[in-house]
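Everything below concerns the one structure shown next.
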Amino acid sequence: MAVSQQYPNMNHKRKRQPDKPAQNPLQAKRIKLLETRKHLPIWPKQSAIHTALAHHDVLILSGETGSGKSTQIPQFLLDQPYCKPRKGCAGKIAVTQPRRVAAISLARRVAEEMGSPLGSASPGSRVGYSVRFDENTSPGTRIKYLTEGMLLQEILRDGALGEYGCVVVDEVHERSVNVDLLLGFLRGLVRGKRKGGLKVVVMSATAEVEALAKFFDESAGETEAMIGGEGEVPQVTDESGRDDDEVSWNGFEDPDEASQGTGAINGTHNAVASSPTQSARIYVEGRQYPVTTKYLDTPADELEEAALQRIFALHTKEPLPGDILVFLPGQDRIHSLQTLVEEFAQSLPPDIPKLQVLPLFAALPQNQQQRIFQPAPPRTRKVILSTNIAETSVTVPGVRFVVDTGLVKIKQFRTRLGLESLLVKPISRSSADQRQGRAGREAPGQCHRLYTKSAYDALESHSAPEILRCDLASALLTLKARGIADPLNFSFLTPPPLSALQKALLHLLHLSALSTTGSLTPTGRQLSRLPLTPALARVVLEAAKPSLNCLHPIIDIVAALSVENLWLNPDTEEGRERAAEARQALMSREGDHLTLLAAVRGYVAEASDRRRWAEAHMISHRAMQSVMDVRKQLLAQCQRADLFRHQDTVAAETTSSTTMELSQTEPILRSLLAGFAAHTARLCPDGSYKTFVGNQTVGIHPGSVLQGRKVEGIVFSEFVYTTRAWARNVSVVRLGWVGEVLG
DNA sequence: AACAGTAAT
């Protein structure tokens, strides 16, 4: 949760302090902020929280937007006995966040509230943060905000997390894969009675406390998470078992029932002094303005049409100020609604304020995304057409009206087919409520749902946690590398189907990350250290072999593959033609991977103005900057792992890109095959491509440079199902090479 | 003509 989300009134006018002897400005700020802190809903709960953690190892804290929990809880805990340095434990506090920006902005805010410098600014700084590419801590750090992934990395170094006396896990209701893995590890540490003791605070929006309490409280039985031991697991076999791709998830209990559990503490001193393994619960209310919610009487035939009507009804009836935020499933429908609204806006009578339509989605170039933060021209209402990016990741200012189509695009991994599908689906009730809340951040608001009340009631209470929707190979490798001998019996908050776990183990076996007995191989250990999917990490290791000798170009390609949306996606026909022309010089006949390599090399070689180079090639400068970060990190890690020892570095650095293509194309494509042997297809007489493994028909994605080409074989690093099965990021391979890797 | 929800190591 971003700081700005928790402090709707953060920009209130500050009272001038009476004149005092010269004061440290950090302390002056701290004293001013203290007044604001005292008015947060969480403030009066401080003693209840202390009592709860004095008697329990686990506290489940539920509270909605505006309670102040993300900033205040760590400060409340700081002077408690379990946050004192002691034998086997440095007593620090870790606070995990699902997003980097949230970790950074919360750390910044808490440092201000504590009157402390931030991170490495001073050795005495008591607040820091740690996110990928940006570690900002000092020897004095007592409170560390970090992303979930960073804490998992710390578990790799120290399975007991001896640095911390308390771990606070925030935004658990979002149920990212990483938070689910962390909860399993933390449960193991608390139950395993870690040396020095460990307190865990799990923070969530209200609904799921019952399931969380059960997870931490239920007797361990036979499925304890074991850290530090590498044992035997059942034989990995090729039988895929029953097909349960279509997982239905029951969700959590009703919030009303959940708050009435046996261990509940309702904000007073009545802590239940039961076994410390029993978790405590505290509920804290949020702080939001009221939002009036309206439904359709009958389902809409055409959503864009219904949205258009609602937007114009609001615009003509409601006085300014008050912008409109519309939730749509994807870029295409945002664009079509934008066209409709802009056409209609031209027919508005001159006495009515103007409309400014602003699209918002992650792939949108940064400068266009920034437009939502700029004030509209006078007598103009903004209409923001957004994907679910505005649900949690971006807070749009000025919104008083939300229009919700009730749809979202969801990625689901299909275990049996080995592909991801990206499909438009109805949102969950909690998602609908989250969207509704976006209307009440600055003033009382309205939410207009473009579906009926009964449709809302029929929605799933929560969306399925990511761990039920993703390829589990990466998660299982994470578990194995952190000493979980038998990941099939790991304590998952929501255990994935056995068939999905087995399929992932098999994939890891094929990548030589696991042995046939299921133990982690030296290769598997190396793969787990790279910040890549197991398949891409395997490609990197393959390229480092002396026989292939192409680590430098493979790092460039892999870095580009692990970043989304390198190519800008114009929304007009003319734009698409311009883009094709701009990219002509980078295009490789060998496919998308060598085209990506040419793009990365071109950008690296550009000495004067890289932003202009990116714009001229219709490439996202922001994406390219992250490619540079990933590339740098991979180069450093490969250096540290001594993977460059067999590499001909002189040749890689001095050869021009064209010469390189001739000499290194084959080893590059062969390296890709080592990670993506199952993502290969051959050309059939009817002109279609069919996969070698599974014999499925697959189309070359319209965005590929190989689109429309007929070659004997292809390898692809992404396999997605949308309107049909598509191969994305595709390269040309010889049938003989595929035969070699498939045996 | 077809196509890309959102995070993260």
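Labels below follow one simple rule: chain letters A, B, ... track the order of the sequence lines, proteins then strands, and each chain is numbered from 1.
- Applying the 4.0 Å criterion to OP1 and OP2 of B:dT9, one finds that A:Arg529 has every side-chain N and O outside that range.
- A:Ser704 places a side-chain N or O within donor-acceptor distance of the main-chain N or O of A:Leu706, the cut-off being under 3.5 Å.
- A:Arg576 pairs by the salt bridge (Lys or Arg N to Asp or Glu O under 4.0 Å) definition with A:Glu573, not counting sequence neighbours.
- With B:dT6, B:dC3, B:dT9 as the choices, the nucleotide that has an atom nearest any side-chain atom of A:Phe361 turns out to be B:dT6.
- Judged by distance alone, with hydrogens and angles left aside, the side-chain atoms of A:Glu171 form no donor-acceptor pair with the main-chain N or O of A:Gln97 at under 3.5 Å.
- B:dT9 atom P lies 15 Å from atom NZ of A:Lys632, rounded to whole Å.
- Between A:Glu135 atom CD and B:dT9 atom P the separation is 12 Å, expressed in whole Å.
- Proximity note for A:Thr387 (side chain, C-beta onward) versus B:dT9, B:dG5, B:dC3: the nearest is B:dG5.
- Whole-Å rounding puts the A:Arg640 CZ to B:dT9 C1' distance at 13 Å.
- In this structure, CD of A:Glu148 is placed 8 Å from C1' of B:dA8, rounded to the nearest angstrom.
- The base of B:dA2 lies close enough to the side chain of A:Gln707 for a donor and an acceptor atom to sit less than 3.5 Å apart.
- Nearest-nucleotide mapping onto DNA chain B: of A:Ile410 and A:Gln633, the residue sitting toward the 5' end is A:Ile410.
- Comparing A:Arg132 and A:Ala363 against DNA chain B, the residue whose closest nucleotide sits nearer the 5' end is A:Ala363.
- Straight-line distance from the CD1 atom of A:Ile334 to the C1' atom of B:dT6: 12 Å, rounded to whole Å.
- Straight-line distance from the CG atom of A:Leu634 to the P atom of B:dT9: 13 Å, rounded to whole Å.
- Within 4.0 Å (heavy atoms only), A:Arg724 reaches no atom of the nucleic acid at all.
- The listed nucleotides are B:dG5, B:dC3, B:dA7; the one nearest the side chain of A:Glu466 is B:dA7.
- Contact between the side-chain N/O atoms of A:Thr147 and the OP1/OP2 oxygens of B:dT9 is found at a separation under 4.0 Å.
- Using a 4.0 Å heavy-atom distance criterion, A:Leu422 is classed as a base contact.
- Across the protein-nucleic acid pair, A:Asn388 atom CG and B:dG5 atom P stand 10 Å apart, rounded to whole Å.
- Nucleic acid contact for A:Val131: sugar-phosphate only, since backbone atoms but no base atoms lie under 4.0 Å from a heavy atom of the residue.
- Not one N or O on the side chain of A:Glu420 forms a donor-acceptor pair closer than 3.5 Å with the backbone of A:Gln412.
- One interatomic measurement links the two molecules: CG of A:Leu423 to P of B:dC3, which rounds to 12 Å at whole-angstrom precision.
- Remark: side-chain polar atoms of A:Ser562 are paired, donor with acceptor, to backbone N or O of A:Val558 under 3.5 angstrom.
- Using a 4.0 Å heavy-atom cutoff across all strands shown, A:Ser176 reaches no nucleic acid atom at all.
- Base engagement by A:Asn569 is indicated by at least one non-hydrogen atom pair under 4.0 Å involving a base atom.
- Within the nucleic acid shown, A:Leu532 comes within 4.0 Å of at least one base atom, counting heavy atoms only.
- The list of side chain to side chain donor-acceptor pair (under 3.5 Å) pairs with a residue in residues 527-538 of chain A, not counting sequence neighbours, reads A:Arg538-A:Glu542.
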